[in-house]
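The next block holds one structure in the form of C-alpha cells; read it before the comments.
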Amino acid sequence: MANNVKIIYNNQSYSFPIIEGSENEKAIDIKQLRSKTGFITYDPGYKNTGHCISNITYLDGENGILRYRGYSIDELCKKTTFLEVCYLLIFGELPTKQQLDKFQFDINKESLVDEHVKEIFHSFPKSAHPMGVLSSLTSAMIAFNPKNENKLSLKESAKSENDKILYNSTVKLLAKFPILSSWTLRKIKGLPLNYSSDRFNYVENIAYLMFAKPNQEYVQNDIVVNALNSLLILHADHEQNCSTSTVRIVGSSYAGLFASISAGISALWGRLHGGANQAVIEMLELIKNDNSNINKYIDKAKDKNDPFRLMGFGHRVYKNFDPRAKIIKKATDQVLNDLGIDDPVLDIAKEIESKALNDPYFIEKKLYPNVDFYSGIIYRALGIPIDMFTVIFALGRIPGWIAQWKEMRESNSPIGRPRQLYNGPNERSIK
Ligand code: SDX
C-alpha cells in the first residue's frame with residue numbers, strides 16, 4: 001500500500017506522505033503543500049480537513065460508533081458515573097477509587113463561588129439567555145482566579161508548575177460551572193440561588209443544585225439522577241465539532257482555559273450545533289400547534305427554497321444513526337414512563353422519525369436523528385426549562401473541552417490560522 005500521494009500539475013510532480021491513525025483512518029499530510037506548490041486547499045466548513053491528531057475520542061460516522069479513550073459510550077453509560085468519564089477524558093484512564101475520591105474532594109473544595117460573581121450574575125436581566133450568561137461568567141472566572149493558565153510558561157522546566165495550574169483550573173471549572181448553570185435555571189424559575197452539598201456525588205449534586213426547593217426537604221429522584229448521568233456522559237466529548245474546535249483554536253493563541261471554554265459555550269449556543277435541542281422542541285411544538293401536520297413540515301424540510309430544516313436530523317459525521325440518539329430515545333421512553341408523563345410531542349417526534357427514515361430525500365442524504373432529536377423531550381420531562389437545554393449540553397461537554405484544550409496545549413499545536421483565496425478588487429488608487 002503506497003505511503004504517499006502525488007499531485008501532478010503543469011508536468012511537475014509533488015509527493016505528500018499518507019499518515020494513518022490507530023483505527024486505520026488515513027490522512028494526506030499537506031503541511032508542506034504551500035511551500036512545495038504555492039497552492040493552498042479550499043474546504044469550506046473544514047468538511048475534509050483534519051486540524052489535529054487526537055487520542056481522546058473516536059467516531060465512525062458510517063458505522064455509528066462513538067468511543068472515549070477506546071471505551072464505547074454504551075458501556076460507559078451502563079458501568080460508569082459522569083465524574084469517572086470526566087477523569088477518563090481529561091487524564092486518559094478511568095480513575096482508581098483513590099483517584100476518584102481525591103478528584104471529588106478537590107472539586108468539593110472549589111465549590112464556592114465568589115460573591116462578586118453573584119453580583120455580576122444578578123446584573124443580567126431575567127430575560128437573558130442562560131448560554132450568554134454562562135459564557136460571560138466563565139470568562140469572568142479569569143478575574144477571580146489570578147493564577148490561571150493565561151500565565152502558563154512556555155519553558156519545559158515549568159511543566160510541573162503548569163500541570164498544577166491546569167489541574168486547579170480543571171477542578172475549579174468542574175466545581176463552579178454546575179453552580180453557575182443551576183443559578184441560571186433557578187433565576188428562570190424564580191427560586192433562590194443555592195450552593196453545592198458535599199453529601200452528594202457529582203451528578204446527584206447537579207440535580208440538587210437545580211431542583212432543591214426552599215423550605216422543603218430535598219428528596220433525591222434516582223430516575224432523574226440516572227437519566228442525567230447518562231445524558232451528561234453522552235454529551236461529554238465528540239472529537240472536533242464546532243465548539244471543541246473553537247476551544248482548541250482560541251487556546252492555540254495561548255488564551256487561557258476559561259477564556260477558551262467561554263468561546264466554546266458561545267459556539268455551542270448556535271441552533272445548528274448545541275442549540276438544536278432547544279430548536280427541536282420549538283419545532284415539535286410548532287407542528288403540534290399546526291394540527292400535527294407532520295407531512296407539511298417534512299415537505300418544507302425537503303424544499304430547497306424553504307429555509308426550514310428538520311431540527312435534530314442530520315450530522316456532519318454520522319451518515320448512519322447517531323449512537324447517542326439511540327440510547328437517548330430508549331431513555332426517553334423509560335424516563336417518561338417512570339415519571340408517569342405523557343408528552344404528546346414524543347409521539348410527534350417518533351412519527352417524524354419513522355416517516356423521514358422511509359423518505360428518499362432523507363435516505364439519499366443520509367439524514368438520521370442526531371443527539372439533539374430526543375434529548376429535549378427528556379429535559380422537559382425532568383422539569384428543565386427550554387432555555388436551559390443547551391446549558392445541560394454544555395454541562396456535559398465541559399470535560400471534553402478541557403481534555404481537548406489540554407491535549408492541544410501539551411502537543412504544542414501551532415496557533416490556528418487558516419488561509420483564504422482572495423477574490424476582491426485588484427490593486428487600485430483613490431481617484
Ligand atoms: C450537534 O459535529 C458534531 O459532532 C456536533 C454534535 C456534537 O456532539 O458536538 O454532534 C452536536 O451539533 C448535532 C447537530 C445538531 N444540529 C441540528 O440538528 C440542526 C439540523 N441539522 C443540520 O442543519 C445539518 O444536518 C448539520 C448542521 C447538523 C450538518 O450540516 P452539514 O454537514 O454542513 O451538511 P449540509 O448542511 O451541507 O447538508 C447536506 C445536505 C443539504 O442538502 P443539499 O444542499 O446537498 O441538497 O443535506 C440537507 C442540506 O440541505 N440537510 C437537511 C438537514 N440537514 C442537512 N435537510 C433538511 N433537514 C435537515 N436537518
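As the structure lists them, so they are numbered: ligands from 1, and atoms in each ligand from 1. Position 1 is the first residue of the sequence; numbering continues from there.
Within 6.0 Å of CD1 on Ile28 lie no more than 12 heavy atoms contributed by other residues, nucleotides or ligands. In Lys26, the NZ atom is crowded: over 12 heavy atoms of neighbouring residues, nucleotides or ligands sit closer than 6.0 Å.
In terms of protein heavy-atom proximity, atom 4 (O) of ligand 1 is closest to His238 ND1, 2.6 Å. Looking at atom 21 (N) of ligand 1, its nearest protein heavy atom turns out to be Phe313 O, 2.9 Å. Nearest non-hydrogen protein atom to atom 14 (C) of ligand 1 is Asn370 ND2, 3.5 Å. The protein atom (non-hydrogen) at minimum distance from atom 28 (C) of ligand 1 is Gly314 O, 3.7 Å. Nearest protein heavy-atom contact of atom 42 (O) of ligand 1 is Lys365 NZ, 3.7 Å. The protein heavy-atom contact nearest to atom 29 (C) of ligand 1 is Arg316 N, 3.9 Å.
By the 3.5 Å distance cut-off applied to N or O atoms, Leu310 is counted among the residues near ligand 1. Among the atoms of Arg271, none of the N or O lies under 3.5 angstrom from an N or O of ligand 1. The N/O atoms of Arg397, backbone and side chain alike, include one that comes under 3.5 Å of an N/O atom in ligand 1. For ligand 1, none of its N or O atoms has an N or O atom of Asp322 under 3.5 Å away. Distances between N or O atoms of Arg309 and those of ligand 1 include at least one value under 3.5 Å. Between Gly312 and ligand 1, at least one N/O pair is under 3.5 Å apart.
In Tyr361, the part holding a heavy atom less than 4.0 Å from any atom of ligand 1 is the side chain. With a 4.0 Å cut-off on non-hydrogen atoms, Tyr368 does not touch ligand 1 at all. Proximity of Lys47 to ligand 1, defined as any heavy-atom pair under 4.0 Å, is confined to the side chain (atoms from C-beta onward). At a 4.0 Å heavy-atom cut-off, ligand 1 touches His273 through backbone and side chain alike.
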Verdict with reasoning, His238 to His315, per ring pair (Phe, Tyr, Trp, His ring centres under 6.0 Å) | CA-CA 12 Å; His238 213 239; His315 198 277; 5.4 Å; yes

Verdict with reasoning, Gln404 to Gln240, per side chain to side chain donor-acceptor pair (under 3.5 Å) | CA-CA 9 Å; Gln404 298 271 353; Gln240 304 311 314; 2.9 Å; yes

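In this structure, Lys187 forms a cation-pi arrangement with Phe121, its terminal cationic atom sitting closer than 6.0 Å to the ring centre and no more than 45° off the ring axis. Judged by the 6.0 Å distance and 45° axis criteria, Lys36 is positioned over the aromatic ring of Phe16. Remark: Arg419 fails to qualify as a cation-pi partner of Phe39 under the 6.0 Å distance and 45° angle criteria applied to the six-membered ring.
Summarising the contacts of atom 13 (C) of ligand 1 with Leu367, Thr57, Asp372, the nearest heavy atom is found in Asp372. Counting heavy atoms only, Met311 comes closest to atom 19 (C) of ligand 1 of the residues His315, Gln240, Met311, Arg324.
The two residues Ile56 and Glu407 have their closest heavy-atom pair at CG1-OE2, 3.6 Å. Annotation for Trp401 and Ser243: closest pair NE1-OG, 3.4 Å, computed over non-hydrogen atoms.
Counting only heavy atoms from C-beta outward, the side chains of Glu25 and Glu20 never approach each other to under 4.5 Å. Put simply, the side chain of Phe362 does not reach to within 4.5 Å of the side chain of Leu357, judged on heavy atoms. The side-chain heavy atoms of Lys118 and His122, taken from C-beta on, include a pair separated by under 4.5 Å. Contact annotation: the side chain of Leu346 approaches that of Tyr374 to within less than 4.5 Å [non-hydrogen atoms, C-beta and beyond].
Distances shorter than 4.0 angstrom do not occur between any heavy atom of Tyr318 and any atom of ligand 1. Residue Leu272 places a heavy atom less than 4.0 Å from ligand 1. Ligand 1 is approached by Lys304 to a heavy-atom distance shorter than 4.0 Å. Contact between Ala301 and ligand 1 is present, with at least one heavy atom of the residue lying under 4.0 Å from the ligand. Not a single heavy atom of Phe308 sits under 4.0 Å from any atom of ligand 1.
Ring geometry for Tyr167 versus Phe103: interplanar angle of 30 to 60°, hence tilted. Taking the six-membered ring where tryptophan is involved, the planes of Phe200 and Tyr208 are tilted, since the angle between them lies from 30° to 60°.
Set against the non-hydrogen atoms of Ala276, the atoms of ligand 1 under 4.0 Å away are 15 (C), 16 (N), 17 (C), 18 (O). Counting the atoms of ligand 1 from 1 in the order shown, those under 4.0 Å from a heavy atom of Asn241 are 2 (O), 3 (C), 4 (O), 5 (C), 9 (O).
The nearest protein heavy atom to atom 39 (C) of ligand 1 is not closer than 4.0 Å.
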